[in-house]
Structure formats: C-alpha cells, structure tokens
Amino acid sequence: MECVFGLVGNDFAVVAADTSAVHSILVHKSNEDKIMILDSHKLVAASGEPGDRVQFTEYIQKNVALYQFRNGIPLTTAAAANFTRGELATALRKNPYSVNILLAGYDKETGPSLYYIDYIATLHKVDKGAFGYGSYFSLSMMDRHYHSGMTVEEAIDLVDKCITEIRSRLVVAPPNFVIKIVDKDGAREYAWRESVKDAAAASA
Amino acid sequence: MKLDTSGLESAAPVWGAPSELVDGFSAAPSFEVPNTTDFDGFQKEAIQMVKPAKGTTTLAFIFKEGVMVAADSRASMGGYISSQSVKKIIEINPYMLGTMAGGAADCQFWHRNLGIKCRLHELANKRRISVTGASKLLANILYSYRGMGLSVGTMIAGWDETGPGLYYVDSEGGRLKGMRFSVGSGSPYAYGVLDNGYRYDMSVEEAAELARRAIYHATFRDGASGGVASVYYVGPNGWKKLSGDDVGELHYKYYPVMPSTVEQEMVEVAAA
C-alpha cells in the first residue's frame with residue numbers, strides 16, 4: 001500500500017514516499033518516483049490511483065509554471081496549496097481525482113511549510129502528516145518524537161524510524177522509499193532507502 | 001476532461017423511436033432510456049458484461065542490444081478459446097511496437113490511432129516521435145476515457161534518439177517507464193522466469209530465448225494463454241520478428257518425452 005509522510009523542520013521541510021507501482025498482486029515497478037518537484041521551492045508527494053496521480057500533479061505543475069510566466073513571480077506555497085485544493089474541490093462532484101497530496105514548500109518570507117490535501121479536497125497546514133496504511137505507524141512515531149525546529153539530521157533520523165516501523169509492521173510493506181527535502185536552496189532529492197535493489201530497473 | 005474524439009467519426013444524431021406517449025409530433029433526438037429502475041447501476045452492469053479479464057501473456061524488456069517483445073496468441077471468451085492465432089504484437093510504425101492485453105478491439109483501434117498520431121507528428125515536426133511522447137499520447141487518450149469501460153493493458157516499445165524505450169500504459173490511466181514488464185493473466189508466471197533469467201548484457205539470441213521461455217511457462221500454467229509464442233526484437237534499425245513457435249511444440253522441445261522404465265510389462269493372457 002502506498003505510504004507518504006512528511007514533516008517540517010528548522011528551516012526545511014522533508015517528505016518521504018514509497019516507490020512501488022502495484023497492480024493487484026503484482027509489483028510492476030519498485031523505483032517509481034512519486035514526489036514531484038513542483039517548482040524550484042516546492043515538492044508534491046502524491047499517492048492514489050496511478051492515472052490520476054500523474055495527470056493531476058502534472059496539471060498543477062503546469063498551471064503553477066504558467067502563473068510564474070504570466071506574472072513574473074512564483075506562487076507562494078500557501079497559494080499553490082489552495083489552488084490545488086480548489087481544483088480537487090471543483091472536480092469532486094463531477095469527476096473526482098483519487099489523489100492524496102502532501103505539499104511541502106519553502107518561502108523566503110514565511111519559511112518552510114507543509115500542507116495536507118486529501119482526495120476530497122480537505123486542506124490543512126500541518127507540521128507533520130501522512131497518508132496510506134503507513135500513516136498508522138508513521139503518525140504516532142512522528143507525534144512521539146517530533147519537536148519544532150528539528151535539524152536535518154534529527155528529521156532524517158525520524159523519517160528512517162518511520163520507514164523501519166512501516167517495513168517491520170505493515171503486512172504488504174513497500175520495500176523502497178525516496179526522501180526529498182526543500183529548503184532555502186531549493187527542492188531536491190535527498191536519499192533513497194532501498195531494501196530490494198532491482199538491478200535491472202535501476203537504470204530506468 | 002475533454003475527450004479525445006479525433007479518431008472517431010461524429011455519430012449522427014440518434015432518433016429515438018416515437019414512444020407511445022409522444023404520438024404524432026416528432027420528438028427531439030434522444031437516446032432510449034434503459035428499461036430499469038437502477039439508472040446508475042445499469043451502465044456499470046453493461047460495462048462489466050463486456051469487460052474481458054485480460055486473458056493473455058505479453059512481456060517486454062530492455063537489454064543491451066535493444067528491446068525484446070513477446071506475446072502469446074490465444075483469445076478466450078470466458079472458458080471458450082475463440083482463437084489461437086491472434087496478433088497481439090501490433091506494429092505501430094517501423095520502429096515502435098505495441099502489445100495487446102485486454103479488449104482486442106480497444107487495443108487494435110487505439111494502437112492504430114496512435115500510429116496515425118505518430119505519423120502526423122513526423123509530418124508536422126520533420127522528425128520521429130520519441131517513445132516517451134508516443135506513450136504519453138496514448139496514456140492521455142486512455143485517461144480521458146477513464147471509467148467508460150475501455151480495457152487496454154499495453155506496452156509501447158521502441159527505439160528513438162535516446163536509445164531503447166519501454167513504457168507500460170493501461171486503461172486506468174497509469175503509465176510507467178521501466179526496464180521490464182509483463183501484462184496479462186499469465187504475467188505473474190512470466191515474471192518469475194523473466195526476473196530470474198534476466199541479465200542486462202545478453203545477446204539477441206539469449207534474450208529471444210528468455211522471452212520465448214517466459215511466454216511458454218506462462219502458457220503452461222495459465223489457461224487463458226496459449227497458441228503461438230511470438231518474439232520480436234526492436235533495434236536501432238527498427239523492429240524485426242524473430243520467431244513464432246507453437247507452445248505445444250515448445251513444450252516437447254524443452255521437456256522431451258523420456259522413455260520411462262517399464263516395471264511390469266503387460267502380457268497377453270493366454271487363451272484359456
């Protein structure tokens with residue numbers, strides 16, 4: 001089952017997501033990157049139906065880029081989150097998207113932020129959040145060990161604790177995870193946590 | 001989402017048969033309302049009736065020399081084998097192949113439509129379309145028809161400027177880039193043999209044998225797969241069909257009948 005979680009640290013926000021693309025009992029791919037770099041200082045970690053996930057996040061990404069082209073300045077994280085929620089809400093009673101999103105961003109004025117946006121267009125600004133079956137394990141881990149103003153080392157340590165817990169307790173635990181971070185220097189990939197190295201797919 | 005209907009002719013307005021209530025004057029063009037109280041479930045039931053269960057085995061993988069694509073050739077309707085000679089590897093253009101799993105008509109039509117779009121791209125841009133672009137075109141079309149009963153589980157394999165490319169695209173709207181995929185009811189069986197025997201640096205012959213073997217093993221265990229195991233190779237100069245072997249004959253080739261030791265010979269009873 002798809003696991004996505006994230007938290008806000010001292011001057012950064014970090015999100016982690018599993019990397020398996022699954023179709024009933026088959027794992028089609030175990031290195032699928034589900035955290036999209038929305039723009040230079042925003043990350044979108046999405047989980048949900050495969051078609052919706054890619055199509056909806058790309059739609060948001062292109063509209064965010066369009067705004068920047070038209071207006072010369074990028075959207076703030078809050079604005080992007082509200083735009084995303086608005087699109088989900090508009091489609092909800094016609095043609096709903098089954099995607100859950102954690103939107104992490106860094107703004108120069110307001111610092112790091114994390115937004116919890118679920119498939120029925122709920123929007124919350126949070127310090128920590130999680131989706132999927134993995135949330136049953138990662139939320140309590142984060143509640144227990146989180147404190148505001150964590151350093152990168154402390155935050156990654158907490159992320160690793162959550163991954164370990166998910167791996168050991170979730171019956172269909174995804175083997176591999178990707179961790180991405182966003183801070184004043186931008187959004188980038190931080191690390192992969194692989195327990196099953198798919199040698200052939202590694203170069204895909 | 002706007003539907004992509006460029007491949008379909010616009011239907012002439014449907015004139016409903018004049019109902020008993022509206023006698024005489026001509027009714028506006030309308031569809032016949034389904035004769036049921038459950039209007040929402042009616043559509044779902046109709047789709048479920050035609051939804052085939054992707055009874056097939058197809059596989060494709062990238063290796064050092066290019067892409068290897070293989071498939072069986074059985075078409076089944078429930079428990080009835082309707083054909084043993086279906087072409088499940090569709091030639092989109094001389095350097096791109098698509099595999100068929102799911103509804104035969106859906107796959108054939110939309111692959112043909114994709115071929116048309118690829119050719120239009122070539123004419124408009126004076127260069128071939130990439131495998132990435134072709135698969136995205138197909139994925140977007142299938143996404144716009146989501147929930148309407150299309151059944152397509154396909155792999156787009158080809159060779160473009162960036163080298164070999166392989167994408168898995170399905171009618172749920174999913175699109176995955178990868179190094180090896182298998183699609184269909186026999187795919188778990190094929191994955192086992194494929195994953196175990198796979199190495200990136202294989203020769204074309206070794207890769208073809210691996211593909212053939214994986215299809216054979218899937219047809220052995222999966223009732224909905226069988227017929228002929230076709231193997232195609234996509235290289236820098238385009239695709240080439242390598243072999244098409246009947247899986248029954250492959251069985252005896254891989255597992256030849258050994259004369260077993262006779263424990264007790266039956267002798268004719270002497271007439272009393």
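Residue numbers start from 1 in every chain, and the chains themselves are labelled A, B, ... in the order their sequence lines are given, proteins ahead of strands.
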Would you say that more than 12 heavy atoms from the other residues, nucleotides or ligands in this model lie under 6.0 Å from the NZ of A:Lys184, or not? no
Cationic N near anionic O, under 4.0 Å, A:Glu32 to B:Lys177: no
Between A:Gln55 and B:Asn140, is the side-chain contact (heavy atoms from CB on, under 4.5 Å) condition met? List the steps. CA-CA 8 Å; A:Gln55 294 276 354; B:Asn140 285 341; 2.7 Å; yes
Separation between OH (B:Tyr168) and NE2 (A:His28), nearest 0.5 Å, reads 4.0 Å
Can you see which heavy atom on B:Gly174 is nearest to which on A:Pro50, and at what distance? CA-CB, 3.9 Å
Residue B:Tyr191 versus chain A: region with a heavy atom under 4.5 Å: side chain
Starting from the C-alpha separation in whole Å, work towards a yes-or-no answer on side-chain contact (heavy atoms from CB on, under 4.5 Å) for A:Glu58 and B:Lys136. CA-CA 12 Å; A:Glu58 283 187 358; B:Lys136 191 76 177 175; 2.7 Å; yes
Return yes if some donor-acceptor pair links the side-chain N/O of A:Lys29 with the main-chain N/O of B:Leu176 below 3.5 Å, else return no. no
Residue B:Asp170 versus chain A: region with a heavy atom under 4.5 Å: side chain
Decide if atom OH of A:Tyr133 counts as having more than 12 heavy atoms of other residues, nucleotides or ligands within a radius under 6.0 Å. no
Distance col, row A:Asp52:CG vs B:Arg146:CZ, nearest 0.5 angstrom, shows 4.0 Å
How close do B:Ser187 and A:Leu26 get, counting heavy atoms only, and between which atoms? OG-CD1, 3.2 Å
Counting only non-hydrogen atoms closer than 4.5 Å, does B:Arg199 touch chain A with its backbone (N, CA, C, O), its side chain (CB onward), both, or neither? neither
Residues, nucleotides or ligands: over 12 heavy atoms within 6.0 Å of A:Ile25 CD1: no
CZ/A:Arg188: more than 12 non-hydrogen atoms of other groups inside 6.0 Å: yes
